[in-house]
Amino acid sequence: MNNKNEKRMNWVFAALFVSGLGFLSLNSCEKSGCHEKNISAAGGSKSHNKGQNCMNCHYSGGEGEGCFTAAGTAYDASLTTTLNGGTIQFFTEPDGGGTLIKSVAIDTKGNFYTTESFDVQGLYPALKTSSGNMYYMGSALSNGQCNSCHNNSTTDRISGN
């Protein structure tokens, strides 16, 4: 190869290398990108900030580990003690009707969360306690930020009551 062709090839490789670095930096500019898997588990205890809106941190560019699709905190009938176990289930129709789209475990601190991709909008959530009792939300979801509504003065906490 002559000197002129070598210079052209060096420029091509340099351009590809620099463009590749730009692509990598776009994906790594977040503290913890949305590519991280973070799902609550029965018996798990790594969660925190019960009752707070989890998605204040767990979003693209946020400080939380992974981007949550749905998350919140579940309480017992007293509305003061969190549940230890159970699941939050997402159905296509009210009162557990239609198709069960997703089931998310409640951990030992009462929190449930998932980074798994599914469209929560229009789904009907249900709380299934560890004893098998079911409690249904009568309206469809507009988003998965459960504690943004269920931990304020106008809407009761998510509970088995």
Side-chain angles (χ1 to χ4, degrees), residues 19-94 96 98-131 133-161:
S19 66
L21 288 177
F23 176 75
L24 290 174
S25 67
L26 287 176
N27 289 331
S28 61
C29 65
E30 304 166 356
K31 176 189 177 283
S32 62
C34 289
H35 309 290
E36 292 185 53
K37 184 177 177 181
N38 191 0
I39 303 167
S40 55
S45 62
K46 73 175 193 170
S47 69
H48 53 263
N49 298 331
K50 68 181 178 182
Q52 295 182 27
N53 182 356
C54 309
M55 293 175 186
N56 284 339
C57 294
H58 293 273
Y59 65 93
S60 180
E63 292 296 314
E65 179 185 326
C67 299
F68 289 163
T69 306
T73 308
Y75 295 83
D76 68 8
S78 72
L79 299 176
T80 58
T81 304
T82 57
L83 290 180
N84 177 357
T87 59
I88 299 296
Q89 301 178 342
F90 298 90
F91 292 92
T92 58
E93 294 178 17
T99 304
L100 173 63
I101 299 298
K102 182 69 64 185
S103 184
V104 181
I106 299 169
D107 70 13
T108 61
K109 295 182 180 179
N111 292 322
F112 60 92
Y113 49 91
T114 184
T115 55
E116 292 177 303
S117 180
F118 69 104
D119 187 5
V120 299
Q121 189 170 1
L123 296 180
Y124 294 84
L127 165 63
K128 183 176 184 180
T129 64
S130 53
S131 62
N133 294 328
M134 296 290 291
Y135 301 91
Y136 302 99
M137 184 169 135
S139 57
L141 294 170
S142 59
N143 64 63
Q145 300 179 46
C146 302
N147 286 347
S148 68
C149 291
H150 285 285
N151 201 32
N152 63 42
S153 59
T154 59
T155 307
D156 285 338
R157 292 176 164 171
I158 300 167
S159 68
N161 66 0

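Computation of the quantities below employed the complete heavy-atom set of this structure, encompassing side-chain atoms and omitting hydrogens, waters and symmetry-equivalent molecules. For clarity, every value in this text was computed on a predicted model and none was experimentally measured. Throughout, numbering of the chain's residues begins at 1 and tracks the sequence.
Here the side chain of T114 pairs a donor or acceptor atom with the backbone of E116 at under 3.5 angstrom. For T87 (side chain) and A105 (main-chain N/O), no donor-acceptor pair under 3.5 Å exists by modelled atom type. S40 places no side-chain N or O within 3.5 Å of a backbone atom of F112 that could act as its donor or acceptor partner. When atom types are taken as modelled, the side chain of R157 and the backbone of Y75 share no donor-acceptor pair closer than 3.5 angstrom. At least one donor-acceptor pair under 3.5 Å links the side chain of S78 to the backbone N or O of T80. Put simply, the side chain of H150 gets close to the backbone of D156: a donor and an acceptor are under 3.5 Å apart.
Rounded to the nearest 0.5 Å, atoms NE2 (H35) and OG1 (T115) are 11.5 Å apart. Taking NE2 of H48 as the reference point, atom CG of D107 lies at 11.0 Å (rounded to 0.5 Å). We find the CZ-CE distance between F90 and M137 to be 9.5 Å, quoted to the nearest 0.5 Å. A distance of 13.5 Å separates CZ in F68 from OH in Y59, rounded to the nearest 0.5 Å. Here L100 contributes atom CG and K128 contributes atom NZ; the two are 9.5 Å apart, rounded to the nearest 0.5 Å. Atom-to-atom distance recorded for S103:OG and I88:CD1 is 8.5 Å, nearest 0.5 angstrom.
Contact annotation: the side chain of L127 approaches that of L83 to within less than 4.5 Å [non-hydrogen atoms, C-beta and beyond].
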**Message:** Set out, in order, the CA-CA distance, both residues' side-chain angles and the distance that settles side chain to side chain contact (heavy atoms under 4.5 Å, CB included) for Q121 and L141, then state yes or no.
**Reply:** CA-CA 5 Å; Q121 189 170 1; L141 294 170; over 6 Å; no

**Verdict with supporting geometry, S45 and K109, side chain to side chain contact (heavy atoms under 4.5 Å, CB included)** = CA-CA 6 Å; S45 62; K109 295 182 180 179; 4.2 Å; yes

**Asked** Does the pair T82 and D76 meet the rule for a side chain to side chain contact (heavy atoms under 4.5 Å, CB included), with working shown?
**Response** CA-CA 6 Å; T82 57; D76 68 8; over 6 Å; no

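Checked for salt-bridge contact, K46 and E65 meet the test: a charged N lies under 4.0 Å from a carboxylate O.
Between Y113 and the options C146, C54, S47, a side chain to side chain contact (heavy atoms under 4.5 Å, CB included) holds for only S47. Screening N111, N49, T73, N53 against N147 for a side-chain hydrogen bond (donor to acceptor under 3.5 Å, both in side chains) leaves a single residue, T73.
Under a cut-off of 6.0 angstrom, the local environment of NZ in K50 is sparse, with at most 12 non-hydrogen atoms contributed by other residues, nucleotides or ligands. Summarising the local packing, NZ of K102 is surrounded by more than 12 heavy atoms from other residues, nucleotides or ligands at distances under 6.0 Å.
Closest approach of I106 to A74, counting heavy atoms only: CD1-CB, 3.9 Å. Between M134 and A126, the closest heavy-atom pair is CE-CB, 3.9 Å.
Ring centroid separation for the pair Y124 and Y136 does not come in under the 6.0 Å cut-off.
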